[in-house]
Enquirer: 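Here it is, the structure in full.
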Amino acid sequence: MMITRFAPSPTGHLHIGGARTALFNYLLARGQGGRFILRIEDTDVQRSEEAYAAGILEAMTWLGLSWDGEPVRQSARTGLHREFVQRLLSEGAAYWCSCRPEDLEAQRKKALAEGGKPRYDGRCRELGLGPAPGSVVRFKGPQSGQAAWQDQIKGPISFDCQELDDLVLLRGDGQPTYNLAVVVDDLTMGVTHIIRGDDHVNNTPRQILLYRALGAEPPLFGHVPMILGKDKTRLSKRHGATSVLAYRDLGYLPQALVNYLVRLGWAHGDQEVFRLQELIEKFSLKHVGKSAAVFNDDKLNWLNAHYLKQTPPQELAALMWPLLAARGHAKPSDAFLAQAAAAVRERGKTLTELADKAEFFFEDLPALDPQGAARLLTDDGRELLDDFGRRLLAAWPAERGDFDELLKALAQDRGVKIGQAAQPLRLALTGQTASPGLFEIVETLGPEKVQRRLAAALAWRPA
RNA sequence: GUCCCCAUCGUCUAGUCUGGUCCAGGACACCGGCCUUUCACGCCGGCAACACCGGUUCAAAUCCGGUUGGGGACGCCA
């Protein structure tokens with residue numbers, strides 16, 4: 001059975017790149033009827049924070065990427081990690097090293113300055129040292145031959161073992177390091193496919209060597225290319241929002257983010273829009289690209305707008321309401337909320353934008369746009385508006401078509417264009433010169449609110 | 001510096017494995033038009049790319065070599 005995993009370290013928020021890696025692993029496992037494991041890699045006690053771990057789970061849940069079983073804490077498995085180190089030690093595949101970190105650091109600097117590769121020189125390798133306070137355990141890697149694998153995304157990759165130095169397995173304080181812990185965990189948890197970020201390719205040969213030293217068959221590896229910012233450098237905070245939860249708070253729908261992320265580096269012919277279930281059926285590593293991709297807000301916005309338009313008004317209302325409530329509006333009826341949502345649904349790219357555009361529905365008296373008022377609420381304009389208002393209220397209750405007729409008649413009687421006749425009313429009802437359909441608004445607001453807003457606009461005078 | 005990886009429109013990409021159907025297709029963005037009571041939506045049209053050089057071949061975006069460019073890694077971080 002296929003087993004994949006997502007193994008973030010809780011030293012920061014779940015960012016866009018991590019989310020895509022998680023998504024690929026999720027899709028792969030779900031598509032094969034396999035298992036998808038979530039493992040929190042918290043072996044770095046200094047930098048790991050519980051709040052980050054919680055945030056990662058929250059983001060995964062929001063995206064709809066469900067994992068199997070309980071999330072695994074790597075820190076809860078250090079006993080197991082140490083057992084494996086002991087085994088390596090007793091089999092002569094690892095050794096104690098008493099070099100001091102400062103000296104090592106100095107060596108690295110020197111090597112780099114001389115234009116060489118900064119790597120551990122293996123001076124303790126044959127010393128037969130035993131455990132001592134502050135000493136570390138290093139892997140005794142082969143010094144010739146190759147470590148190669150068929151990358152599931154990039155194809156064949158190989159490293160000369162000479163290039164690899166003896167990596168630390170157990171720190172001076174007895175804590176296992178990343179490279180040891182991942183191998184032990186992936187091995188003992190039965191992970192079959194390790195799909196992770198590009199930045200791990202250099203770790204892979206070392207890990208393969210560890211599997212070999214343990215007498216185990218390495219799993220399959222696949223390295224997904226990175227996501228870059230607009231300036232084609234690695235995506236980071238300075239490129240704006242990078243955390244998944246930040247996108248949620250900005251008003252993006254999880255379906256949109258998932259859809260956008262999957263298309264960043266993967267394609268299924270010319271198809272652009274995918275539901276999660278469809279992705280599970282269609283996703284494959286074969287069509288994941290090999291090169292890095294630039295994150296593009298425009299396309300994400302387009303997808304988000306697309307999914308917003310697909311969301312039924314009632315559902316959309318439920319998503320928008322918290323944003324409106326946060327602005328201090330009193331909760332109206334569900335029907336009113338749904339109508340307001342339907343009215344603005346095709347006019348914004350995020351929930352936040354929709355809330356902005358729908359806000360006038362919820363205000364007692366919307367503030368009149370000063371420029372619009374100066375232009376539309378002239379003496380003539382107010383007279384026109386008064387006439388329109390009277391006709392409108394007199395005709396109530398009316399159908400959408402009746403309103404249309406009413407507007408046409410008004411324009412004709414007054415000798416103005418339809419647009420000119422409609423604008424003063426739009427301003428009066430919404431405070432703005434651009435808005436959803438006029439009669440959609442009239443119907444939603446109802447006669448009392450219409451009248452109230454009309455009266456306020458008619459009372460307006462230039463400053 | 002050393003090692004590893006990558007290279008099709010501004011961006012995401014299809015096509016590359018299995019050369020010809022590709023004077024390169026789709027999407028976003030942009031530009032123009034239509035629709036229209038405003039703003040949007042929608043629809044129609046347009047602009048725009050095989051990094052470069054050489055080789056193999058009747059034929060190369062597709063195969064091979066090199067150049068250039070980009071990215072990543074080089075921690076007792078993950």
Side-chain angles (χ1 to χ4, degrees), chain A residues 7-12 41-44 46-48 74 97 99-101 104-105 108 111-120 134-138 151 154-155 157-160 162-165 167-173 175-179 181-182 196-205 223 225-226 228 230 232-234 260 263-273 286-287 289-303 305 309 344-348 357 372 404 407-408 411 417-423 425-427 430 432-439:
Chain A
S9 68
T11 53
E41 310 239 308
D42 54 354
T43 50
D44 184 348
Q46 318 289 354
R47 287 193 279 182
S48 295
Q74 196 160 53
C97 165
C99 293
R100 294 167 40 200
L104 261 18
E105 183 56 29
R108 266 194 294 272
L112 219 42
E114 287 170 359
K117 195 175 171 82
R119 48 196 292 266
Y120 175 63
S135 282
V136 303
V137 175
R138 284 185 185 272
D151 196 275
K154 294 182 182 268
I157 300 181
S158 73
F159 284 75
D160 281 333
Q162 294 172 16
E163 296 295 332
L164 281 16
D165 58 1
L167 78 186
V168 173
L169 303 178
L170 212 56
R171 295 187 246 256
D173 62 0
Q175 287 298 313
T177 60
Y178 164 75
N179 276 299
V182 249
R196 63 193 354 173
D198 219 347
D199 46 341
H200 281 289
V201 262
N202 295 274
N203 287 140
T204 303
H223 293 90
M226 336 208 21
L228 310 176
K230 209 161 190 66
K232 300 205 175 197
T233 64
R234 190 180 184 143
Y260 177 70
R263 280 287 289 106
L264 207 50
W266 174 82
H268 186 264
D270 288 338
Q271 191 173 347
E272 295 287 350
V273 177
K286 189 172 194 302
H287 290 100
K290 298 178 180 184
S291 47
V294 174
F295 191 88
N296 179 226
D297 299 295
D298 284 332
K299 193 147 187 182
L300 171 61
N301 284 336
W302 173 74
L303 272 167
K309 280 178 269 180
V344 296
R345 192 165 65 154
E346 297 183 345
R347 290 159 214 274
K357 300 212 156 132
D404 278 335
L407 175 60
K408 277 181 197 152
K417 289 191 173 169
I418 290 180
Q420 285 177 277
Q423 283 305 79
L425 181 62
R426 182 184 312 284
L427 181 74
T430 70
Q432 304 295 129
T433 52
S435 80
L438 199 47
F439 299 126

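Reminder, nothing fancy here: chain letters follow the sequence lines and each chain counts from 1.
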Enquirer: Please determine, for the side chain of A:Q74, which listed nucleotide (B:C3, B:A27, B:A78) has the closest atom?
Expert: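 Side chain of A:Q74 sits closest to B:A78.
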
Enquirer: Kindly determine whether A:W302 and A:Y260 satisfy side chain to side chain contact (heavy atoms under 4.5 Å, CB included), including the steps that lead there.
Expert: CA-CA 10 Å; A:W302 173 74; A:Y260 177 70; over 6 Å; no

Enquirer: Can you tell if the side chain of A:L167 reaches within under 4.5 Å of the side chain of A:T177, non-hydrogen atoms only?
Expert: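 SC-SC contact between A:L167 and A:T177 ruled out.
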
Enquirer: For B:G42, which nucleotide is its Watson-Crick or G-U wobble mate, given both distances must be under 3.5 Å?
Expert: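 Paired with B:G42, as far as the under-3.5 Å criterion goes, is B:C34.
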
Enquirer: Do A:K154 and A:D198 meet the salt-bridge criterion of a basic N to acidic O distance under 4.0 Å?
Expert: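 The answer is yes: the pair qualifies as a salt bridge.
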
Enquirer: With both distances under 3.5 Å as the test, what is the Watson-Crick or G-U wobble partner of B:U2?
Expert: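 By the stated definition (distances under 3.5 Å), B:A73 pairs with B:U2.
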
Enquirer: Taking A:D173 for its side chain and A:Q175 for its backbone only, find out whether a donor-acceptor pair lies under 3.5 Å.
Expert: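 Present.
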
Enquirer: Side chain of A:L438, heavy atoms from C-beta onward: which of B:A78, B:G26, B:U37 has the nearest atom to it?
Expert: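 The closest nucleotide is B:U37.
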
Enquirer: Please determine, for the side chain of A:V294, which listed nucleotide (B:G25, B:C5, B:U11) has the closest atom?
Expert: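 Minimum distance to the A:V294 side chain belongs to B:U11.
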
Enquirer: So what does A:G348 hit on the nucleic acid, given a heavy-atom distance under 4.0 Å: a base, only sugar-phosphate, or nothing?
Expert: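 Here A:G348 touches no strand at all.
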
Enquirer: Among B:U13, B:U2, B:C4, find the nucleotide with the atom closest to the side chain of A:E163.
Expert: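 Of the candidates, B:U2 comes closest.
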
Enquirer: More 5' along RNA chain B: A:G155 or A:H287, using each one's nearest nucleotide?
Expert: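 The residue whose closest nucleotide sits nearer the 5' end is A:G155.
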
Enquirer: Is there a side-chain contact between A:T43 and the phosphate of B:A78, meaning an N or O under 4.0 Å from OP1 or OP2?
Expert: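 For A:T43, the contact criterion (side-chain N or O under 4.0 Å from OP1 or OP2 of B:A78) is met.
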
Enquirer: For A:F439, which contact category applies under a 4.0 Å heavy-atom criterion: base, sugar-phosphate, or nothing?
Expert: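 Base contact - A:F439 has a heavy atom under 4.0 Å of at least one base atom.
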
Enquirer: With a 4.0 Å cut-off on heavy atoms, is A:G437 in touch with a base, just the backbone sugar-phosphate, or nothing at all?
Expert: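 Base contact.
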
Enquirer: Tell whether A:N296 reaches the base of B:A29 with its side chain through a donor-acceptor pair below 3.5 angstrom.
Expert: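 Not at all, since no donor on one side and acceptor on the other fall under 3.5 Å apart.
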
Enquirer: Base, sugar-phosphate, or nothing for A:D151, non-hydrogen atoms under 4.0 angstrom?
Expert: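 Since no nucleic acid heavy atom lies under 4.0 Å of A:D151, the category is nothing.
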
Enquirer: Distance between the C1' atoms of B:A48 and B:C28, in whole angstroms?
Expert: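 The same atom, C1', in both gives a distance of 13 Å.
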
Enquirer: By nearest heavy atom, map A:G269 and A:D165 onto RNA chain B; which one lands nearer the 5' end?
Expert: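 Closer to the 5' end of RNA chain B: A:G269.
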
Enquirer: Quiz question: going by heavy-atom distance under 3.5 Å, is there a donor-acceptor pair between the base of B:C39 and the side chain of A:R347?
Expert: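 Such a pair exists between side chain and base.
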
Enquirer: Under 4.5 Å between any side-chain heavy atoms of A:S48 and A:P10, yes or no?
Expert: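 Of all side-chain heavy-atom pairs linking A:P10 with A:S48, at least one is under 4.5 Å.
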
Enquirer: Does A:R426 make a side-chain donor-acceptor contact with the base of B:U37, cut-off 3.5 Å?
Expert: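 Such a pair is found, so the answer is yes.
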
Enquirer: Please evaluate residues A:R196 and A:T204 with respect to the criterion side-chain hydrogen bond (donor to acceptor under 3.5 Å, both in side chains), reporting the C-alpha separation (whole Å), side-chain torsions for both, the decisive distance (0.1 Å), and the verdict.
Expert: CA-CA 10 Å; A:R196 63 193 354 173; A:T204 303; 2.9 Å; yes

Enquirer: What contact category does A:P205 fall into here, base, sugar-phosphate, or nothing, at under 4.0 angstrom with non-hydrogen atoms?
Expert: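 Nothing, no heavy atom under 4.0 Å.
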
Enquirer: Distance check, P atoms only: B:C17 and B:A60, in whole angstrom units.
Expert: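 Approximately 14 Å lies between the P atom of B:C17 and that of B:A60.
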
Enquirer: Once you apply a heavy-atom cut-off of 4.0 Å, does A:S158 come out as touching a base, just sugar-phosphate, or nothing?
Expert: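 It contacts sugar-phosphate atoms only.
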
Enquirer: Check the pair A:Q432 / A:K357 against side chain to side chain contact (heavy atoms under 4.5 Å, CB included), numbers first and verdict last.
Expert: CA-CA 10 Å; A:Q432 304 295 129; A:K357 300 212 156 132; over 6 Å; no

Enquirer: Check every strand shown and say whether A:G419 touches a base, only sugar-phosphate, or nothing at a heavy-atom separation below 4.0 Å.
Expert: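 Answer is sugar-phosphate: A:G419 comes under 4.0 Å of backbone atoms only.
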
Enquirer: Out of curiosity, A:T233 OG1 to A:M226 CE, how far, rounded to the nearest 0.5 Å?
Expert: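 That separation rounds to 9.5 Å.
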
Enquirer: Going by purine N1 to pyrimidine N3 plus the second Watson-Crick contact, or the G-U wobble pair, all under 3.5 Å, which nucleotide sits opposite B:C28?
Expert: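 When the pairing criteria are applied, B:G10 turns out to be the nucleotide that pairs with B:C28.
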
Enquirer: Categorize A:S291 for me: base, sugar-phosphate, or nothing, with a 4.0 angstrom heavy-atom threshold over every strand shown.
Expert: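 Here A:S291 touches the backbone only, sparing every base.
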
Enquirer: Assess whether side chain to side chain contact (heavy atoms under 4.5 Å, CB included) is satisfied between A:Y120 and A:V168, documenting all intermediate values.
Expert: CA-CA 10 Å; A:Y120 175 63; A:V168 173; over 6 Å; no

Enquirer: Got a donor-acceptor pair under 3.5 Å from the side chain of A:E346 to the base of B:G42?
Expert: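 Check fails, no donor-acceptor contact within cut-off.
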
Enquirer: Please tell me which of the listed nucleotides, B:U37, B:U13, B:C39, lies nearest to the side chain of A:A434?
Expert: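 Looking only at heavy atoms from C-beta outward on A:A434, the closest nucleotide is B:C39.
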
Enquirer: Check the pair A:R138 / A:L170 against side chain to side chain contact (heavy atoms under 4.5 Å, CB included), numbers first and verdict last.
Expert: CA-CA 7 Å; A:R138 284 185 185 272; A:L170 212 56; over 6 Å; no

Enquirer: Would you mind telling me which of B:C4, B:G75, B:C12 lies closest to the side-chain atoms of A:I157?
Expert: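 Comparing B:C4, B:G75, B:C12 against the side chain of A:I157, the answer is B:C4.
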
Enquirer: Have a look at A:L264 and say if it touches a base, only the backbone sugar-phosphate, or nothing, with a 4.0 Å heavy-atom cut-off.
Expert: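 Sugar-phosphate: the residue A:L264, judged by heavy atoms under 4.0 Å, touches backbone atoms but no base.
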
Enquirer: Using purine N1 to pyrimidine N3 plus N6-O4 or O6-N4 for Watson-Crick, or N1-O2 and O6-N3 for G-U wobble, both under 3.5 Å, which nucleotide pairs with B:G19?
Expert: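 Partner of B:G19: none.
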
Enquirer: Could you please name the option among B:C5, B:A78, B:U38 that lies closest to any side-chain atom of A:K154?
Expert: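 Nearest listed nucleotide: B:C5.
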
Enquirer: Tell which nucleotide pairs with B:A78, taking only Watson-Crick or G-U wobble pairs whose two distances are both under 3.5 angstrom.
Expert: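 Partner of B:A78: none.
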
Enquirer: When you measure from the side-chain N and O atoms of A:K309 to the phosphate of B:G42, is any distance below 4.0 Å, counting only OP1 and OP2?
Expert: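 Indeed, a polar side-chain atom of A:K309 lies that close.
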
Enquirer: For B:G75, does OP1 or OP2 lie under 4.0 Å from any side-chain N or O of A:R108?
Expert: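 Yes, because at least one side-chain N or O of A:R108 sits under 4.0 Å from OP1 or OP2 of B:G75.
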
Enquirer: What string of B, S and - do you get for nucleotides 66-72 of chain B, 5' to 3', when a contact is any protein heavy atom under 4.0 Å?
Expert: -----SB

Enquirer: Where the side chain of A:W302 is defined as all heavy atoms beyond and including C-beta, which of B:C6, B:A27, B:U13 is the nearest nucleotide?
Expert: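 Comparing B:C6, B:A27, B:U13 against the side chain of A:W302, the answer is B:A27.
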
